[in-house]
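Below: the structure, in structure tokens.
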Amino acid sequence: MTVVTRFAPSPTGLLHVGGVRTALFSWLYARRMKGKFVLRVEDTDRERSTDEAVRVILEGMQWLGLDADEGPYYQTRRFDRYREVIAGMLAAGTAYHCYCTKQELDALREGQLARKEKPRYTGLCRSRTEPRPGVPPVVRFRNPTDGAVVVEDLVHGPVSFQNAELDDLIIARSDGTPTYNFCVVVDDMDMGITHVIRGDDHLNNAPRQMNMLRALGSTPPVYAHVPMILGPDGAKLSKRHGAVSVLQYEEEGFLPDALLNYLVRLGWSHGDQEVFTRDEMIAAFDIHDVNKAASAFNNEKLLWLNQQHMMRAPPARVVPYLQAQLRRIGIDSNDQTLLEGVILAQRERAKTLKEMAQSSRFLFVDSIEVDPQAAAKHLNPEGLGRLGQVRERLAALSEWTAPAINAALNELATQLAVGLGKIAQPLRVAVAGVAVSPPIDVTLGLLGRERTLLRLDSALARKTA
RNA sequence: GCUCCCUUCGUCUAGAGGCCUAGGACAUAGCCCUCUCAAGGCUGUAACACGGGUUCGAAUCCCGUAGGGAGCGCCA
């Protein structure tokens, strides 16, 4: 049997890391099992759904490389199908019209709550045969009244629910539109979903959905309810606590593989391995190894993983992402050799590509600003004195390579009987404008002789100024 | 209130009755390396929610308690 999983986000809020991880688990499982992954947008709530949210889902999934084999499907385009199924259930008696008004239902609920009972529909209209004039009816599912439903959950194990605890839920509103729990059931059935992997906030919905599926003569899929992701403070993920659009991570300079790697390790592990390539994730992932407990999002570890991925990936693969970040700060470079060189030089001192772009800016622009504090410390008379000699040496170099530069600087240091630092720091501030950069020979190599000498000249001009 | 779920270092996790003096990772502290900053290496601090059982033996099994979460909508 071919495995078919799906990701079914609702576009009522922006897709965030919690949703992404559910999508990732579904995608990984499908890929691992050589099955299919379906994307379905659950937009039946027309009031709260937004085009912006749909855009973030589509763009986010694309940025992350979580490619769907089918879809995106939209529930709003399937209303005819839902109506058809409801008509069938009405005819078969597995659903019935309910003429209770909202007001009556509210009163019922209040009474139950007041008596400290579980609020539930009592089945008043179950055996009603005549319509109630003037009341547009809703359609309710006729849930079995006795026995139990067991959800054989892949992460929780068997979870048993008494049918007596489940009431007859509304599957079509009085205006005829279908409700969420019903649409999910029809869609999962029609789309041949074999494994439903979703947040464990849906565990309570599973027994009702299984009952409906059975009433429709369909075999329920296998369920896997994965734990939720909490904010860094251990509280529920919310707007205030990191529930930002997934595209925010792109803007901040994260590699999609790093985010995915971080998220897959929230609730899942494979021995002591922390860093996974996409293929390694697919090869190692198994839904059975997913934990039951919710986990808190930790930004420091994400940062660390992002750097690990920047360091391990072939530079050429990182180039487009660096270019995107450079463009954000007004630099448009297509110099592949330079860009790869920058990545090689900077990746062990940057946590994000945004950071890398910023600290590499001096390598791409014509003129730089020198940080006053760094200048005060290193471009003092003593430092500037040495820079004159540095300039001579560098100008005389026959080839402009890091090893040649390094040799020349070390020679000069020995000759002056000082540590390399006494030469490298003034030089660094002169060419980079700050006291921090990759190794000085690498930095100069990337900068090029012409710009190096130019910047030395403008630094040396301070002497007289 | 009722139903369902969850509980190992600050955080993510390993752990399927003896391999646990509870392992790894992030973070954190110290040291090493060093032209700056990093990266890297080494070392340290730090956890089985609590109480009963079962067993020769329990982080692991059972029962409670506490704490947290979800659901109980003509929301998804």
Side-chain angles (χ1 to χ4, degrees), chain A residues 8-13 42-45 47-49 75 98 100-102 105-106 109 112-121 136-140 151 153 156 159-162 164-167 169-175 177 179-181 183-184 199-207 225 227-228 230 232 234-236 262 265-275 291-305 307-308 311 346-351 359 374 378 406 409-410 413 419-425 427-429 432 434-441 443:
Chain A
S10 149
T12 50
E42 311 222 318
D43 55 353
T44 50
D45 185 348
E47 301 287 297
R48 295 193 299 148
S49 293
Q75 289 187 324
C98 169
C100 297
T101 64
K102 243 179 210 172
L105 259 18
D106 286 344
R109 201 174 0 256
Q112 288 166 327
L113 247 15
R115 274 173 272 126
K116 300 198 185 286
E117 288 167 17
K118 181 174 181 170
R120 57 204 305 282
Y121 179 64
V138 298
V139 179
R140 288 185 185 269
V151 182
D153 194 275
H156 291 274
V159 182
S160 175
F161 296 83
Q162 292 300 318
E165 292 293 335
L166 275 22
D167 60 0
L169 79 164
I170 292 172
I171 59 179
R173 304 179 179 98
S174 45
D175 66 0
T177 58
T179 59
Y180 163 79
N181 265 298
C183 296
V184 167
D200 65 10
D201 48 336
H202 288 283
L203 183 53
N204 289 292
N205 289 330
H225 289 95
M228 318 199 73
L230 274 19
K236 193 181 168 187
Y262 176 70
R265 284 285 291 99
L266 245 35
W268 175 84
S269 63
H270 183 66
D272 286 339
Q273 189 171 350
E274 294 288 351
V275 184
N291 286 152
K292 301 172 183 183
S295 41
F297 193 91
N298 180 242
N299 212 54
E300 274 76 48
K301 188 156 182 182
L302 204 213
L303 251 10
W304 174 78
L305 264 174
Q307 181 168 39
Q308 291 300 312
M311 291 196 293
Q346 295 282 40
R347 63 188 185 178
E348 59 202 28
R349 63 203 93 237
K351 298 283 190 196
S359 57
H378 299 290
N406 191 262
L409 294 180
N410 271 305
L420 184 56
K422 295 285 185 195
I423 291 175
Q425 280 310 84
L427 183 48
R428 175 170 278 120
V429 174
V434 289
V436 173
S437 88
I440 197 64
D441 52 345
T443 301

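Below, read A as the first sequence line, B as the second, and so on, with proteins coming before strands; counting in each chain starts at 1. Everything numeric in this text was worked out from a predicted model, so none of it was measured.
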Rounded distance (Å) that lies between atom [atom2] of [N] and atom [atom1] of [X]:
{"X": "A/His270", "N": "B/rA25", "atom1": "NE2", "atom2": "C1'", "result": "15 Å"}
{"X": "A/Gln308", "N": "B/rG40", "atom1": "CD", "atom2": "C1'", "result": "10 Å"}
{"X": "A/Asp201", "N": "B/rG73", "atom1": "CG", "atom2": "P", "result": "16 Å"}
{"X": "A/Asn299", "N": "B/rU28", "atom1": "CG", "atom2": "C1'", "result": "17 Å"}
{"X": "A/Leu166", "N": "B/rC4", "atom1": "CG", "atom2": "P", "result": "11 Å"}
{"X": "A/Arg120", "N": "B/rG1", "atom1": "CZ", "atom2": "C1'", "result": "14 Å"}
{"X": "A/Tyr121", "N": "B/rC74", "atom1": "OH", "atom2": "C1'", "result": "12 Å"}
{"X": "A/Leu302", "N": "B/rA25", "atom1": "CG", "atom2": "P", "result": "19 Å"}

Using a cut-off of less than 4.0 Å, is there contact between a side-chain N or O of [X] and OP1 or OP2 of [N]?
{"X": "A/Ser269", "N": "B/rA14", "answer": "yes"}
{"X": "A/Asn291", "N": "B/rA14", "answer": "yes"}
{"X": "A/Gln273", "N": "B/rC12", "answer": "no"}
{"X": "A/Arg109", "N": "B/rG73", "answer": "yes"}
{"X": "A/His156", "N": "B/rC6", "answer": "yes"}
{"X": "A/Lys351", "N": "B/rA39", "answer": "yes"}

Under 4.0 angstrom, heavy atoms only, what part of the nucleic acid is [X] near: base, sugar-phosphate, or nothing?
{"X": "A/His202", "answer": "base"}
{"X": "A/Ser359", "answer": "nothing"}
{"X": "A/Ala435", "answer": "base"}
{"X": "A/Glu274", "answer": "base"}
{"X": "A/Asp441", "answer": "base"}
{"X": "A/Ser49", "answer": "nothing"}
{"X": "A/Ser437", "answer": "base"}
{"X": "A/Leu203", "answer": "sugar-phosphate"}
{"X": "A/Pro438", "answer": "base"}
{"X": "A/Val138", "answer": "base"}

Under a 3.5 Å cut-off for both contacts, is [N] paired Watson-Crick or G-U wobble with anything, and if yes, with which nucleotide?
{"N": "B/rU60", "value": "none"}
{"N": "B/rG71", "value": "B/rC2"}
{"N": "B/rC26", "value": "B/rG10"}
{"N": "B/rU54", "value": "none"}
{"N": "B/rC20", "value": "none"}
{"N": "B/rG40", "value": "B/rC32"}

Expressed in whole Å, how much space separates the [atom1] atoms belonging to [N] and [M]?
{"N": "B/rG57", "M": "B/rA66", "atom1": "P", "answer": "29 Å"}
{"N": "B/rG24", "M": "B/rC42", "atom1": "P", "answer": "11 Å"}
{"N": "B/rG41", "M": "B/rA27", "atom1": "P", "answer": "12 Å"}
{"N": "B/rC31", "M": "B/rG67", "atom1": "P", "answer": "45 Å"}
{"N": "B/rU7", "M": "B/rC63", "atom1": "P", "answer": "15 Å"}
{"N": "B/rU45", "M": "B/rA22", "atom1": "C1'", "answer": "16 Å"}
{"N": "B/rC9", "M": "B/rC48", "atom1": "P", "answer": "7 Å"}
{"N": "B/rU8", "M": "B/rC50", "atom1": "P", "answer": "11 Å"}

Subject >> salt bridge (charged side-chain N to carboxylate O under 4.0 Å, His left out) partners for A/Arg349, two or more places apart >> reply: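 With sequence neighbours excluded, A/Arg349 shows a salt bridge (charged side-chain N to carboxylate O under 4.0 Å, His left out) to no residue whatsoever.
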State which residues pass salt bridge (charged side-chain N to carboxylate O under 4.0 Å, His left out) with A/Asp441; sequence neighbours excluded, sorted by chain then number.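 Not a single residue meets the salt bridge (charged side-chain N to carboxylate O under 4.0 Å, His left out) criterion with A/Asp441.
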Select one nucleotide: of [options], the one nearest the side-chain heavy atoms of [X].
{"X": "A/Arg265", "options": "B/rC26, B/rG73, B/rU13", "value": "B/rU13"}
{"X": "A/Glu165", "options": "B/rC4, B/rC2, B/rC35", "value": "B/rC2"}
{"X": "A/Arg349", "options": "B/rU36, B/rC37, B/rA25", "value": "B/rC37"}
{"X": "A/Gln307", "options": "B/rA39, B/rC74, B/rU36", "value": "B/rA39"}
{"X": "A/Glu42", "options": "B/rC4, B/rA76, B/rG24", "value": "B/rA76"}

In Å, rounded to the nearest 0.5 Å, how long is the span from [atom1] of [X] to [atom2] of [Y]?
{"X": "A/Trp268", "Y": "A/Asn291", "atom1": "CH2", "atom2": "CG", "result": "11.0 Å"}
{"X": "A/Leu420", "Y": "A/Asn410", "atom1": "CG", "atom2": "CG", "result": "5.0 Å"}
{"X": "A/Leu303", "Y": "A/Gln307", "atom1": "CG", "atom2": "CD", "result": "8.5 Å"}
{"X": "A/Arg347", "Y": "A/Met311", "atom1": "CZ", "atom2": "CE", "result": "8.0 Å"}

| said: Angle between ring planes, A/Phe297 versus A/Tyr262, binned at 30° and 60°: parallel, tilted or perpendicular? | reply: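 Plane angle over 60°, so perpendicular.
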Assess, by modelled atom type and distance only, whether the side chains of [X] and [Y] contain a donor and an acceptor separated by less than 3.5 Å.
{"X": "A/Thr177", "Y": "A/Asp175", "value": "yes"}
{"X": "A/Ser49", "Y": "A/Thr12", "value": "no"}
{"X": "A/Arg428", "Y": "A/Gln425", "value": "yes"}

*Pick the nucleotide of RNA chain B nearest each of A/Lys102 and A/Phe161; which residue has the one closer to the 5' end?*
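Upstream on the strand: A/Phe161.
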Residue mapping more 5' on RNA chain B - nearest nucleotide basis, A/Ala294 or A/Met311:
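Its nearest nucleotide being more 5', the pick is A/Ala294.
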A/Arg120/A/Glu165 salt bridge by N-O under 4.0 Å criterion: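 Not counted as a salt bridge, because no side-chain N and carboxylate O are separated by less than 4.0 Å.
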5' to 3', nucleotides 61-66 of chain B under a 4.0 Å protein heavy-atom cut-off (B base, S sugar-phosphate only, - none) gives ------
| task | Establish whether the base of B/rC35 is bridged to the side chain of A/Arg428 by a donor-acceptor pair shorter than 3.5 Å. | result |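 Between B/rC35 and A/Arg428, which were checked side chain against base, a qualifying N/O pair under 3.5 Å is present.
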Could one point to a donor on the side chain of A/Thr179 or the base of B/rC74 with an acceptor on the other under 3.5 Å away?
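Between B/rC74 and A/Thr179, which were checked side chain against base, a qualifying N/O pair under 3.5 Å is absent.
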Worksheet item: Nearest heavy-atom pair of A/Gly199 and A/His225: which atoms, and what distance?
Response: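 Looking at all heavy atoms of both residues, the closest pair is O-CD2, 3.5 Å.
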